[in-house]
Colleague: 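Have a look at this one.
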Amino acid sequence: MIPFLDLKQQYQGIKDEVLEAVGRTFENTAFVLGPEVAAFEETFAKYAGAKYAVGHNSGTAALHMALLAMGVGEGDEVITIPHTFVATVAAIMYTNAKPVFVDVDPHSYTMDPSKIEAAITSKTKAIMPVHLYGQPADMDPIMEIANKHGLMVLEDAAQAHGAEYKGRRIGSIGTAAGFSFYPGKNLGAYGEGGATTTSDDGINERLRILRDWGQKKKYYHEVLGYNARLEGVQGAVLNIKMKYIEGWTERRRAIAKQYDEAFAGLKHVKAPKAYADRRHVYHLYVVLVEDRDGFMNFCKEHGVGTAIHYPFAIHTLGGYDHLGNVGDFPVSEHVAARCVSLPMFPELTDDQAKKVVEVVHEYEAHLGA
Ligand SMILES: *Cc1c(COP(=O)(O)O)cnc(C)c1O
């Protein structure tokens with residue numbers, strides 16, 4: 001069986017380094033924040049092309065704290081997309097602001113900039129595009145609209161470590177960007193983790209206070225704060241992984257290239273489109289298939305693991321159905337009903353990728369012309 005995702009192989013490859021660094025952190029008893037986290041923040045800020053990176057205990061916390069640091073709260077509206085992981089939308093709701101959806105582009109499944117202006121009201125405070133699956137959203141028009149209307153931009157970069165838009169790193173374009181280090185993400189901690197990048201001095205300062213109980217100095221709690229700090233061990237693991245992230249990313253891109261070439265022109269399995277002006281980092285390789293259940297079963301029977309990201313547009317889910325009606329965002333709903341993620345991780349071998357291609361081709365042949 002070719003798994004959809006395998007985290008074991010990568011661990012085996014870096015095990016000695018990881019155990020040494022984790023042991024060192026335990027010896028230092030720097031369990032929360034500390035020198036490993038500070039070093040990681042510096043490295044990751046550079047990597048993302050930003051002045052600062054602030055470590056958090058999840059990607060969700062990074063997005064939540066970033067919105068708070070940008071001053072988003074009760075009575076505000078934040079424009080985002082309904083085809084994403086639920087955390088994007090939940091982070092907005094945690095601040096008591098209202099998520100306002102616009103549909104996605106039918107090719108990249110990221111925010112369709114032509115839909116934004118119609119969604120802007122006097123309450124709109126920020127735009128929150130998602131670099132879904134590892135492909136940057138179309139940031140130039142998004143930034144242009146934001147600047148024209150005096151809005152801030154928070155990038156949900158949870159799936160886009162090292163991605164680039166017109167030569168610029170993701171994490172350096174909007175007002176701030178939130179990254180996730182959930183284990184399965186392109187840069188994964190060994191537990192929960194996240195970070196916000198920004199080049200704004202005020203936002204950086206507010207983030208450091210917000211994540212640490214609202215205190216600038218111990219016990220001087222000046223604002224309502226949170227426990228949202230990155231753990232020392234996660235910093236230690238992430239520091240090691242930063243040495244490999246570029247190689248791993250290039251390997252993802254090479255696998256995607258094999259898939260792209262093999263799937264071009266298929267009738268039943270629609271390959272994803274990567275825009276030439278962006279560096280797609282393929283957190284996920286997602287195809288669209290009309291008979292999703294049939295395709296996934298076929299793959300399983302032929303030894304290929306698959307997954308769905310994500311099966312429901314957010315406005316069609318129980319906790320979020322006040323944010324829209326079925327039919328309001330047809331492209332998101334279309335994609336959510338048909339998307340299938342194929343095996344994609346740096347340790348996937350060429351032979352395994354070939355086998356995935358064979359099975360997809362067999363599925364096509366089995367359905368006929
Ligand atoms: C993973 C993810 C998040 C949340 O990150 P966590 O670290 O799991 O809290 C937010 N947005 C998107 C698009 C994600 O994929």
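Numbering of ligands and ligand atoms starts at 1, following listing order.
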Colleague: Looking at ligand 1, does any of its N/O atoms fall within less than 3.5 Å of an N/O of Thr60?
Modeller: yes
Colleague: Going by distance only, is there an N or O of Gly59 that falls short of 3.5 Å from an N or O of ligand 1?
Modeller: yes
Colleague: Out of Ala61, Ser180, Ala87, who gets a non-hydrogen atom closest to atom 7 (O) of ligand 1?
Modeller: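 Among Ala61, Ser180, Ala87, the closest heavy atom to atom 7 (O) of ligand 1 belongs to Ser180.
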Colleague: Got a sec, which pairs hit side chain to side chain donor-acceptor pair (under 3.5 Å) with one end in residues 150-176, sequence neighbours left out?
Modeller: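 Listed by first then second residue: Thr88-Asp156, His131-Glu155, Asp138-Tyr165, Asp140-Lys166, Asp140-Arg168, Gln159-Tyr310, Glu164-Arg169.
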Colleague: Return a yes/no value for Tyr182: is any of its N or O atoms, backbone included, closer than 3.5 angstrom to an N or O of ligand 1?
Modeller: no
Colleague: Return a table of donor-acceptor pairs under 3.5 angstrom between the side chains of residues 313-326 and protein atoms on other chains or two or more places apart.
Modeller:
{"unit_1": "His315", "atom_1": "NE2", "unit_2": "Glu333", "atom_2": "OE2", "d": "2.7"}
{"unit_1": "Thr316", "atom_1": "OG1", "unit_2": "Ala313", "atom_2": "O", "d": "2.6"}

Colleague: Decide yes or no on side-chain contact (heavy atoms from CB on, under 4.5 Å) for His334 and Leu288, but give the supporting numbers first.
Modeller: CA-CA 9 Å; His334 178 94; Leu288 300 193; 4.3 Å; yes
Colleague: If you round to the nearest 0.5 Å, how far is CZ of Phe40 from CG of Leu187?
Modeller: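 Nearest 0.5 Å value for the CG-CZ distance: 5.5 Å.
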Colleague: Which atoms of ligand 1 are found less than 4.0 Å from any heavy atom of Ala158?
Modeller: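 Every atom of ligand 1 under 4.0 Å from some heavy atom of Ala158: 2 (C), 3 (C), 10 (C), 11 (N), 12 (C), 14 (C), 15 (O).
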Colleague: Ignoring hydrogens and angles, state whether a donor on the side chain of Tyr244 or Glu17 is under 3.5 Å from an acceptor on the partner side chain.
Modeller: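 Judged by distance alone, the side chains do pair up.
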Colleague: Under 3.5 Å, side chain of Arg338 to main-chain N/O of Arg292, donor-acceptor pair present?
Modeller: no
Colleague: When only distance counts, is Asp156 in polar contact with ligand 1, meaning an N/O pair under 3.5 Å?
Modeller: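 Indeed, backbone or side chain, Asp156 has an N or O that close.
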Colleague: Within ligand 1, which atoms have a heavy atom of Thr88 less than 4.0 Å away?
Modeller: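 Selected atoms, number and element: 11 (N).
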Colleague: So for Gly193, does at least one of its heavy atoms come nearer than 4.0 angstrom to any atom of ligand 1?
Modeller: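 In this structure, Gly193 qualifies as a contact of ligand 1 - some heavy atom is under 4.0 Å.
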Colleague: Is there a heavy atom in Lys185 that sits closer than 4.0 Å to ligand 1?
Modeller: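 Lys185: in contact with ligand 1 (<4.0 Å).
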Colleague: At under 4.0 Å between heavy atoms, which part of Tyr310 makes contact with ligand 1: side chain, backbone, both or neither?
Modeller: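 Near ligand 1, Tyr310 shows its side chain, while the N, CA, C and O stay back.
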